[in-house]
Amino acid sequence: MKKKLETLIQKSVEALINQEVIPSASYTFSIERTRDPQHGDYATNAAMLLAKPAKMNPRQLAEKLVAALPQDSAITKVDIAGPGFINFYMDSSSQFDIVKRIHELGPEFGRSQVGAGKKVQVEFVSANPTGPLHVGHGRGAAYGSAVADLLEATGFDVHREYYVNDAGRQMDILATSIWLRYLEECGEAVRFPDNGYRGEYVGDIARDLFRQVRDDYRRPIDLVLENIPADEIQGGDKEAHIDALIAKAKALLGVAAYRDVFNAGLNNILEDIRNDLREFGVDYQCWFSEQQLMDDGSVEQALARLQASGHLYQKDGATWFASSNLGDEKDRVVRRENGQYTYFASDIAYHMNKLDRGFEQIIDIWGADHHGYIPRVKAAIQALGADASKLKVLLVQFATLYRGEEKVQMSTRSGEFVTLRQLRDEVGKDAARFFYVMRRSEQHMDFDLQLATSKTNENPVFYVQYAHARVCSVFRQLVEKGLTRDIPSGMAHLQLLSEEHELGLMSTLERYPEVLERAALTHEPHQLILYLRELANDFHTYYNAHQFLVEDDNLRNARLNLIAAVRQVLANGLKLLNINTPEAM
RNA sequence: GCCCCGAUAGCUCAGUAGGAUAGAGCGGUCCCCUCCUAAGGGACAGGUCGGCGGUUCGAAUCCGCCUUGGGGCACCA
């Protein structure tokens with residue numbers, strides 16, 4: 001319809017060019033669905049945009065444009081309004097088709113092929129396996145899976161991935177923390193390091209370990225603390241302190257035993273994260289191990305490639321990547337003076353791997369605090385010979401947690417944080433997902449636990465779910481009242497749906513595919529939420545204004561078909577967001 | 001200091017390629033169940049769109065400067 005109008009207006013413009021009213025050139029103008037029904041169904045700003053080249057006032061030009069407009073049966077009326085808008089009123093007989101289309105397509109309604117099978121990878125959450133997921137990760141999980149699901153619904157070939165940072169110092173700190181808790185369990189008088197992981201789960205893992213190996217990994221605490229520099233609270237450096245403890249753990253335990261403690265932590269926590277996400281409705285095609293990149297030589301290969309293309313150099317005993325030539329603000333170390341690769345080195349290898357797997361678009365979803373990291377990764381992609389625009393980094397701002405008025409401080413290390421699992425237990429999966437995705441991802445978000453956990457809270461997810469349940473309820477009432485429903489008859493009498501509420505509802509239904517496509521392409525799932533709230537609102541208003549189960553068979557059947565279409569679209573949207581569609585509440 | 005993201009109703013936020021009178025939810029005041037779940041609906045009140053310039057027929061939206069909140073600037077991950 002929009003396209004049709006566009007060609008009609010284009011013809012009109014060409015006519016005026018031929019009459020030399022407007023200088024010859026190609027002009028772009030917009031055609032929009034109007035917000036206010038008083039402005040017809042569609043409007044164009046063509047007259048206002050062409051007023052200047054035509055050296056005429058917009059309203060006069062609009063009149064000429066309208067006069068030159070070819071006749072078309074779909075247009076019932078054309079108006080000139082405001083500063084020079086041309087408003088189009090369309091023939092209403094076609095608007096009923098939407099009810100039929102939704103009925104025919106069912107769950108498929110709204111899905112499309114705009115993605116044309118393009119291979120897209122979406123990497124999200126990728127939290128370090130050093131502790132359970134907290135509510136900050138939850139936002140990334142909800143947002144990332146919504147983006148992936150939207151892309152899939154619009155025809156992209158989507159691959160969801162979690163990058164597991166199972167190598168590196170943080171994991172050693174975890175392993176050492178577990179070992180120290182284990183020593184406590186054995187009866188040693190341990191002083192826990194300031195920089196260790198203090199969460200309860202560390203103790204849990206340690207106790208499990210103790211049950212399995214008893215005293216096998218026990219070493220006298222005096223021996224452990226021998227030659228360890230002072231901790232922060234003792235006036236020393238907490239980093240040096242913990243590093244020395246890690247080294248000592250490795251030395252006293254030996255490779256195999258240390259590995260055992262390390263894996264106890266990794267496997268335990270990873271399993272927990274996996275279950276957590278699965279229960280949250282988030283599934284991955286791949287859990288990608290950083291350690292594997294180290295083990296299979298990918299990191300070396302990646303660096304060799306950068307070396308070969310002249311992007312690496314040595315300085316101060318370290319190996320540097322000359323990223324500042326490629327848009328980064330400074331060069332970055334990839335291999336430390338001590339011979340160890342940096343986290344960035346494995347990330348280069350990881351992105352090389354992504355490129356090699358043939359993804360046409362790579363989407364990384366990160367916490368907003370990592371934004372400074374973007375230029376160097378883009379630089380790496382360029383240095384590897386690919387187009388930096390293949391990588392799209394989407395940032396998710398923190399969800400600031402409140403308990404009533406009080407802000408909840410969160411730190412994984414200190415162990416004072418609210419986990420995603422706790423959140424789910426308190427507010428449920430549906431409310432959690434809905435809340436997280438309701439806001440634009442780059443917007444800071446206040447998540448008041450007390451409000452979200454309150455039973456009496458007016459949770460917006462209920463509002464949408466309730467609309468769905470209400471439709472179901474009407475169909476139950478239909479049976480109870482001994483009335484019948486005839487779908488074909490309803491379709492044949494859709495023109496009886498002439499109430500303002502009904503026409504508005506149909507036009508809202510018609511927008512769903514556009515909303516879905518737009519939400520997917522802009523990576524903005526909140527647009528879908530907004531739409532669902534609007535649709536629910538339209539329905540509730542209609543519900544209050546009119547009776548559906550009326551005596552008149554034809555009208556009743558038509559109305560039932562309309563509300564069935566509403567239910568279908570609500571269900572399609574909610575399912576896409578992995579939110580339940582209750583039949584009764 | 002440099003970089004990123006914000007600043008819109010009392011609060012939390014939308015605002016679709018610059019468009020017509022800036023919207024919603026919550027909170028406030030008032031109204032609507034002899035009727036398909038009132039977990040609903042309707043009405044009213046509430047705004048210098050952080051500020052000042054600029055671009056133009058037209059700016060919350062684009063550009064510049066400023067104020068202000070958060071975040072980031074490692075041989076940590």
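Here is the naming used below: chain letters follow the sequence lines, and residue numbers restart at 1 for every chain.
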Are any of [X]'s side-chain N or O atoms less than 4.0 Å away from OP1 or OP2 of [N]?
X: A:R476; N: B:U37; answer: no
X: A:Y543; N: B:G42; answer: no
X: A:Q397; N: B:C4; answer: no
X: A:R518; N: B:A17; answer: yes
X: A:T522; N: B:U16; answer: no
X: A:R559; N: B:C36; answer: no
X: A:N537; N: B:G25; answer: no
X: A:Q477; N: B:U37; answer: yes

In terms of ring plane angle, is the pair [X] and [Y] parallel, tilted or perpendicular, where the classes change at 30° and 60°?
X: A:F539; Y: A:Y543; answer: tilted
X: A:H546; Y: A:H501; answer: perpendicular
X: A:Y542; Y: A:F548; answer: tilted

Would you mind classifying the nucleic acid contact of [X] as base, sugar-phosphate or nothing, using non-hydrogen atoms under 4.0 angstrom?
X: A:H540; result: sugar-phosphate
X: A:Q465; result: nothing
X: A:A167; result: sugar-phosphate
X: A:Q443; result: sugar-phosphate
X: A:A584; result: base
X: A:H546; result: base
X: A:L530; result: sugar-phosphate

My understanding is that a pair needs two contacts under 3.5 Å, Watson-Crick or G-U wobble. By that rule, which nucleotide pairs with B:C73? B:G1
So if I apply the side chain to side chain contact (heavy atoms under 4.5 Å, CB included) rule between A:F88 and each of A:D79, A:V78, A:D41, which one comes out positive?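 Of A:D79, A:V78, A:D41, side chain to side chain contact (heavy atoms under 4.5 Å, CB included) with A:F88 is met by A:V78 alone.
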base_contact_polar ([N] base, [X] side chain, donor-acceptor, <3.5 Å):
X: A:H370; N: B:G72; value: no
X: A:D369; N: B:G72; value: no
X: A:N87; N: B:A20; value: yes

Quantified in whole Å, what is the [atom1] atom distance between nucleotide [N] and nucleotide [M]?
N: B:A60; M: B:C13; atom1: C1'; result: 14 Å
N: B:G46; M: B:C36; atom1: C1'; result: 35 Å
N: B:A9; M: B:A24; atom1: C1'; result: 11 Å
N: B:A20; M: B:G72; atom1: C1'; result: 42 Å

Rounded interatomic separation in angstrom, taking CG from A:L570 and C1' from B:A39: 15 Å
Would you kindly give the CZ-to-P distance between A:R169 and B:A74, to the nearest whole Å?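 Answer to the nearest Å: 16 Å.
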Would a line drawn from the ring center of A:Y512 to the ring center of A:Y531 be shorter than 6.0 Å? yes
Compare the ring of A:F85 with the six-membered ring in the base of B:A20 and state whether they stack (centres under 5.5 Å, planes under 30°).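 Stacking is present between B:A20 and A:F85, given that their ring centres fall under 5.5 Å apart and the planes under 30°.
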Centroid distance under 5.5 Å and plane angle under 30°, A:H371 vs B:G72: no
Which residue lies more 5' along RNA chain B, comparing A:M48 with A:T541 via nearest heavy atoms: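 On the 5' side of the pair lies A:M48.
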Whichever of A:L395 and A:Y341 has the more 5' nearest nucleotide on RNA chain B, that residue is A:L395
Candidate pair A:Q465 and A:N580, rule side-chain hydrogen bond (donor to acceptor under 3.5 Å, both in side chains), full reasoning: CA-CA 8 Å; A:Q465 288 180 318; A:N580 285 307; over 6 Å; no
Quick check on B:C33: syn or anti? Syn means the glycosidic torsion is within 90 degrees of zero. syn
